[in-house]
Amino acid sequence: MNLENMFKKRGVRARAEGSQIEGRPEVPEGLLKKCNKCGRAIIAKEAEEQNYICPKCGGYFRIPAYQRIGMLADEGSFTEWDIEIDTDNPLDYKGYPEKLESLRKKTGLREAVVTGRMKLDGMETAVGVCDGRFMMASMGKAVGEKITRLAERAQREKLPIILFTCSGGARMQEGMISLMQMAKTAAALKRHSDAGNLCVNVLTDPTTGGVTASFAMLGDIILAEPKALIGFAGPRVIEQTIRQKLPKGFQRSEFLLEHGFVDGIVERRNLKETLGKILKLHQNGNGFQKQEDAAGQGEEGRRKAGRKQRAARDIPAWERVQISRKADRPSGVNYIRALFPDFIELHGDRYYGDDKAVVGGIAHFQGKPVTVIAQTKGYTTKENIERNFGMPSPEGYRKALRLMKQAEKFHRPVICFVDTPGAFCGLEAEERGQGEAIARNLYEMSSLKTPILSVVAGEGGSGGALAMAVADEVWMLENAVYSILSPEGFASILWKDGGRAEEAAELMKMTANDLLGLGVVEQVIPEPEELTEDTMEPVAESLREGIAGFLEKYTAFSPEQLLENRYQRFREM
């Protein structure tokens, strides 16, 4: 059904209903009205045509559900599901049925969420959109039922889900029946996820209460619009409870990004493009080929992935240590830019924060979806401080593991770039469980049912490096180092003399050649004499060739064979 005809059939206006409640961010009615964000006069139609954004202040207005779908769906591709679902009055709450009926006439909606199926850039997806005009999109029985049926049907039809949330939380007028919708929707999304399907959530203003504490925060990927209010308890409730003034920006999208709860903030004008890229990266099916097909794979790819090569130049170990630490040496983000041009960064550990010493996300490599995770430093002092000089905190390792588990679910190979002097050893890292975070990565990576390749690109310092190098193969750049501890620390512990670092470096066998000989790494990647961002293309080309061979080889294994090979790799050391 054409969306415009749908709007007319349901009596939905071409713009959002006006509000008599001061401060409610909806497009005002009429030709010329005052923006309820900046207070300036605006032409309502102009705001609608600019994606429901104030042309004066850039503030976001809420979008009615059908209009939101119209901004995303390919022409004529949307089919609505479960239109007839209604709610009752479980508490016999006085005036509730009348209020519902009044809102139905005013908005043209039966309930506070619209669900269905659509195409976005030609890709089929299930979609659910909350509409704040209907009781602030609070979740009662009908909303919970529609979200649950959406997840169940998407599971049966093997469709991804895109959910746009906007809600004041559980619907008070339905009491405990409303609360039970939290568990019901969560259980349905778990089944959809366990079947290997994608769910993308887009949090809009506001997403609060029981919706935040259920389906809104359960997506594989969680995006948010700028400055959206997102939280469990509202700011006013919190201030009244703890009698403290909340910090500026508290519970806004940017706050959640910093604290690790959303993958990214996307401007409204970029949402369709971003969602299209995400859907495209999840279109491929199982990354493992049937075992009988493995024999048909080209021997060239397997040979390239399995080759061993020694560093050509004979350079003292201590000198290689110095080269690995050079400020202008390419780090993780440089390799991501060079090898994965369509990389989409995903943020946060979903527990505490977003560690900028670890960058991770999804991309294509020669047409195949992969997950890429990189420890990274900065070039300037400011960048190094921001990235903590490449020393991850617990949330960095937990972010990496979250992305690896997501890769396992979608059968994406994982490619890691290791470059860290070691895990951060500050007080706050210990308080948040640095040792547990590293141990958990070793534990889970050992049995991750998807291929893992780790490349030591600079420093590979101790357990902080190993936490991203429990892999099917580990490669090293020619002048990279990988060791139990820094040479300075080694000398201090064993000889009580950090000044003997040069002597320690030779003894520790920490160079690529040494570790190739010990069987710790499978391959050494040659470097130009001076490796910088400007001269790294030969290294990138070697990695492209090698990664292609690695993927061809390891995606041919069954998951059981992959895990047994990985176990034996470490068992034999």
Side-chain angles (χ1 to χ4, degrees), residues 3-4 7 11-73 103 106-109 112 114 129-137 162 164-168 201-208 212 216 222-231 234-236 239 245-258 262 264-276:
L3 283 175
E4 187 62 36
F7 299 155
V12 180
R13 297 190 180 188
R15 59 178 176 272
E17 295 290 336
S19 171
Q20 302 303 313
I21 302 173
E22 186 179 355
R24 181 179 279 180
E26 295 173 354
V27 176
E29 287 183 309
L31 177 63
L32 189 66
K33 289 291 182 179
K34 186 170 72 172
C35 169
N36 46 27
K37 285 179 168 287
C38 67
R40 287 187 274 183
I42 62 169
I43 298 173
K45 191 67 178 174
E46 186 179 346
E48 294 169 21
E49 291 170 353
Q50 294 184 16
N51 295 324
Y52 289 79
I53 298 173
C54 174
K56 300 292 176 66
C57 70
Y60 279 30
F61 300 119
R62 295 174 193 148
I63 305 179
Y66 291 115
Q67 277 85 335
R68 172 77 78 174
I69 293 166
M71 291 163 62
L72 299 172
L103 283 167
K106 184 177 180 182
T107 65
L109 299 167
V114 174
V129 183
C130 296
D131 194 318
R133 297 173 302 152
F134 199 103
M135 296 195 72
M136 202 44 251
I162 299 174
F164 283 85
T165 62
C166 166
S167 180
N201 283 15
V202 183
L203 312 182
T204 74
D205 183 64
T207 297
T208 61
T212 299
I222 302 178
L223 306 175
E225 289 193 326
K227 296 182 174 60
L229 175 66
I230 304 161
R236 190 182 309 160
E239 283 191 343
K245 184 70 177 173
L246 299 176
K248 186 179 180 181
F250 180 72
Q251 290 186 316
R252 296 290 168 176
S253 304
E254 295 73 15
F255 177 91
L256 269 76
L257 181 65
E258 181 184 346
V262 299
I265 297 172
V266 183
E267 292 184 20
R268 193 170 281 172
R269 61 188 171 87
N270 297 326
L271 260 175
K272 183 174 182 178
E273 179 185 2
T274 299
L275 291 169

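Fair warning: this is a prediction, and the values are worked out from it, not measured in the lab.
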Close side-chain approach of L109 to P64, heavy-atom, < 4.5 Å: no

P226 side chain reached by R252 side chain, heavy atoms, under 4.5 Å: no

Test item: D131 and T107 side chains (from C-beta on) under 4.5 Å apart, heavy atoms: no

Within-4.5 Å side-chain heavy-atom neighbours: R68 and Y52: no

Heavy-atom donor-acceptor pair, T212 side chain to G231 backbone, under 3.5 Å: yes

Ionic contact status for K45 with E48, cut-off 4.0 Å: yes

Residue pair K245, F250: steps toward the side-chain contact (heavy atoms from CB on, under 4.5 Å) verdict: CA-CA 10 Å; K245 184 70 177 173; F250 180 72; over 6 Å; no

Residue among L203, N201, T274 satisfying side chain to side chain contact (heavy atoms under 4.5 Å, CB included) with L223: T274

Heavy-atom side-chain proximity of R62 to D205 below 4.5 angstrom: yes

Short side-chain to backbone donor-acceptor contact, K56 and A41, under 3.5 Å: yes

Shortest non-hydrogen contact between A216 and T165, atoms and distance: CB-CG2, 3.7 Å

Salt bridge R269-E267, side-chain N to carboxylate O under 4.0 Å: yes

For the student: nearest non-hydrogen atoms of P235 and L229, plus distance: CG-CD1, 4.0 Å

Closest heavy-atom pair and its distance - A137, S167: O-OG, 2.7 Å

E273: partners by salt bridge (Lys or Arg N to Asp or Glu O under 4.0 Å), with sequence neighbours left out: K277

For R40, side chain to side chain donor-acceptor pair (under 3.5 Å) partners two or more places apart: none

Test item: C54 and K37 side chains (from C-beta on) under 4.5 Å apart, heavy atoms: no

Neighbour count >12 (heavy atoms, 6.0 Å) for atom NZ, K227: no

F61 CZ to I42 CD1 distance, which is reported to the nearest 0.5 Å: 4.0 Å

Side-chain heavy-atom pair V129, Y66 within 4.5 angstrom cut-off: no

Nearest-0.5 Å distance, CD1 of residue I222 to CG of residue L256: 9.0 Å

Atom of V262, atom of S253 and distance for their closest heavy-atom approach: CG2-O, 4.3 Å

Any side-chain heavy-atom pair of R268 and E225 under 4.5 Å: yes

Value rounded to 0.5 Å, distance of CG in N270 from CG in N51: 10.0 Å

